Asker: 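Can you keep this structure in mind? I'll have questions shortly.
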Amino acid sequence: MKALLEALQPGEQDWVLAQAIDPARLPAHIAIIMDGNGRWAGRRLMPRVAGHKAGITPVRISVETCARLGVKVLTLYAFSVENWKRPRHEVETLWRLLRFYLNQELPDLQKNDIRLQAIGRLEALPAPVRRELDAAVEATANNRGLLVNLAINYGGRAEIVDAVNSILEMARLDGSVHSLKLDEELIATNLYTASCPDPDLLIRTSGEMRISNFLLWQIAYSELYVTETLWPDFTRTDLLQAVLEYQKRDRRYGGLSAAAADARAEAALFEVLPSRSR
Ligand code: FPP
């Protein structure tokens, strides 16, 4: 948080927003569905891929802002298992942009102690993309600041299937398959995101009210924030506004809010006290 304020001019809009954020209640994990690149380009009579290219700047801004805020994990939905259905030229451009981003950002990621991780069915990526991705992940493996998960060839259902299959495989290997019993912890610890807390805040740009097969297991209790802003237009201001909105939410996890729980406890106490002491 301090690092963010240091990067801002006192009095400017983002400084005012950052001042309003409670550092004790930051989301530990923010996940983003980066949507609207195609529409952004279409509105400018540009090819769709121009929207993807323009989408790199907000990726950089989001990574930097989360790192400066002190968020622990940022997960970005860069390519879904369904995105292969897009025209070949668009898919190839997305790979080119990913390689460009990795090459360009690696020095900054290192300088800022940011660790990169890739989640998804990575074995299906074109070999040069996979090589560069693995190299960037390896190069940043010992960094201890923000963890950035790039979800690539990612699907939430595929992830759960992969988790169950790897549990089955391990049980076959150690001969325990007949007595195997699944539980939530076993599945969670075999997801691609096993090392991360679940997202506290899920942001989706471009106004679409869909989850699109993203982190289906992990978002069970995430707070959702949908903004009309198209991804290429997403700024630090948008991110800070999302965090502020998150801090207004009353997270109950199916239970009671802190205030309601206090009121109930007080009422219960009132019931058990002898009438003399009321
Ligand atoms: C969805 O917008 C966006 C994607 C499928 C790709 C996201 C990729 C980037 C932001 C490029 C850079 C990313 C990294 C990690 C370097 P859409 O094309 O579905 O938009 P539309 O709904 O308006 O058509």
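For ligands, and for the atoms within them, numbers begin at 1 and follow the listed sequence. Counting begins at 1 with the first residue of the sequence. Source: prediction; values computed, not measured.
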Asker: Using a distance-only test with no angle check, is there a side-chain donor-acceptor pair under 3.5 angstrom linking Asp198 and Gln218?
Answerer: no
Asker: Looking only at protein heavy atoms, which one is nearest to atom 12 (C) of ligand 1, and how far off is it?
Answerer: Ile56 CG1, 3.8 Å
Asker: Which of the atoms in ligand 1, numbered in the order shown and given with their element, are less than 4.0 Å from a heavy-atom of Trp231?
Answerer: 10 (C)
Asker: Can you confirm if the NZ or CZ of Arg43 lies within 45° of the ring axis of Trp40 and under 6.0 Å from the centre of its six-membered ring?
Answerer: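 Relative to the ring axis of Trp40, which defines the angle, Arg43 lies outside at least one limit.
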Asker: For residues Val129 and Val81: do they belong to one hydrophobic cluster (side chain heavy atoms under 4.5 Å, members Ile, Leu, Val, Met, Phe, Trp, Tyr)?
Answerer: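 Val129 and Val81: separate clusters.
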Asker: Taking only heavy atoms of Arg39 into account, list the atoms of ligand 1 that are under 4.0 Å away from them.
Answerer: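 Answer, ordered by atom number: 21 (P), 22 (O), 23 (O).
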Asker: Of all heavy-atom pairs between Pro199 and Ser222, which one has the smallest distance, and what is that distance?
Answerer: O-OG, 2.6 Å
Asker: Which of the atoms of ligand 1 are close to Met34, meaning less than 4.0 Å from one of its heavy atoms?
Answerer: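 Listed by number with element, the hits are 1 (C), 2 (O), 3 (C), 10 (C).
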Asker: Taking a cutoff of less than 4.0 Å between a non-hydrogen atom of the residue and any ligand atom, is Gly36 in contact with ligand 1?
Answerer: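 In this structure, Gly36 qualifies as a contact of ligand 1 - some heavy atom is under 4.0 Å.
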Asker: Please confirm whether Asp35 comes within less than 3.5 Å of ligand 1 when only nitrogen or oxygen atoms on both sides are compared.
Answerer: yes
Asker: Just jot down the ligand 1 atoms closer than 4.0 angstrom to any heavy atom of Gly38, in number order.
Answerer: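 Taking each heavy atom of Gly38 in turn, ligand 1 has 17 (P), 18 (O), 20 (O), 21 (P), 23 (O), 24 (O) under 4.0 Å.
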Asker: Could you check whether any heavy atom of Leu76 sits closer than 4.0 Å to an atom of ligand 1, since that is the contact criterion I want to use?
Answerer: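 Distance cut 4.0 Å: Leu76 fails for ligand 1.
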Asker: Test of understanding: given a 4.0 Å heavy-atom threshold, classify the contact between Arg86 and ligand 1 as side chain, backbone, both, or neither.
Answerer: side chain
Asker: Going by atom types only, do Tyr246 and Arg251 share a side-chain donor-acceptor pair under 3.5 Å?
Answerer: yes
Asker: Using distance alone, decide if ligand 1 has a nitrogen or oxygen within less than 3.5 Å of any nitrogen or oxygen in Glu90.
Answerer: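 Checking ligand 1 against Glu90, no N or O pair falls under 3.5 Å apart.
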Asker: Identify the two heavy atoms, one from Leu146 and one from Ala67, that lie closest to each other, and give their separation to 0.1 Å.
Answerer: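 Leu146 and Ala67 have their closest heavy atoms at CD2-N, 3.8 Å.
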Asker: Taking only non-hydrogen atoms of Lys53, do any sit less than 4.0 angstrom from ligand 1?
Answerer: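 Lys53 does not count as a contact of ligand 1 under the 4.0 Å cut-off.
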Asker: Which residue holds the protein heavy atom closest to atom 24 (O) of ligand 1, what is that atom called, and what is the gap in Å?
Answerer: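 Atom 24 (O) of ligand 1 sits closest to the protein heavy atom Arg48 NH1, 2.9 Å.
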Asker: Out of Tyr154, Phe214, Trp84, which one pairs with Phe79 under the ring pair (Phe, Tyr, Trp, His ring centres under 6.0 Å) rule?
Answerer: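 By the ring pair (Phe, Tyr, Trp, His ring centres under 6.0 Å) criterion, Phe79 pairs with just one of Tyr154, Phe214, Trp84: Trp84.
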Asker: Looking only at heavy atoms, what is the nearest atom pair of Arg236 and Thr65, with distance?
Answerer: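 Answer, listing the atom of Arg236 first, then Thr65: CG-OG1, 3.5 Å.
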Asker: With a cut-off of 4.0 Å, which atoms of ligand 1 are near a heavy atom of Asn83?
Answerer: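 In order of number, 5 (C).
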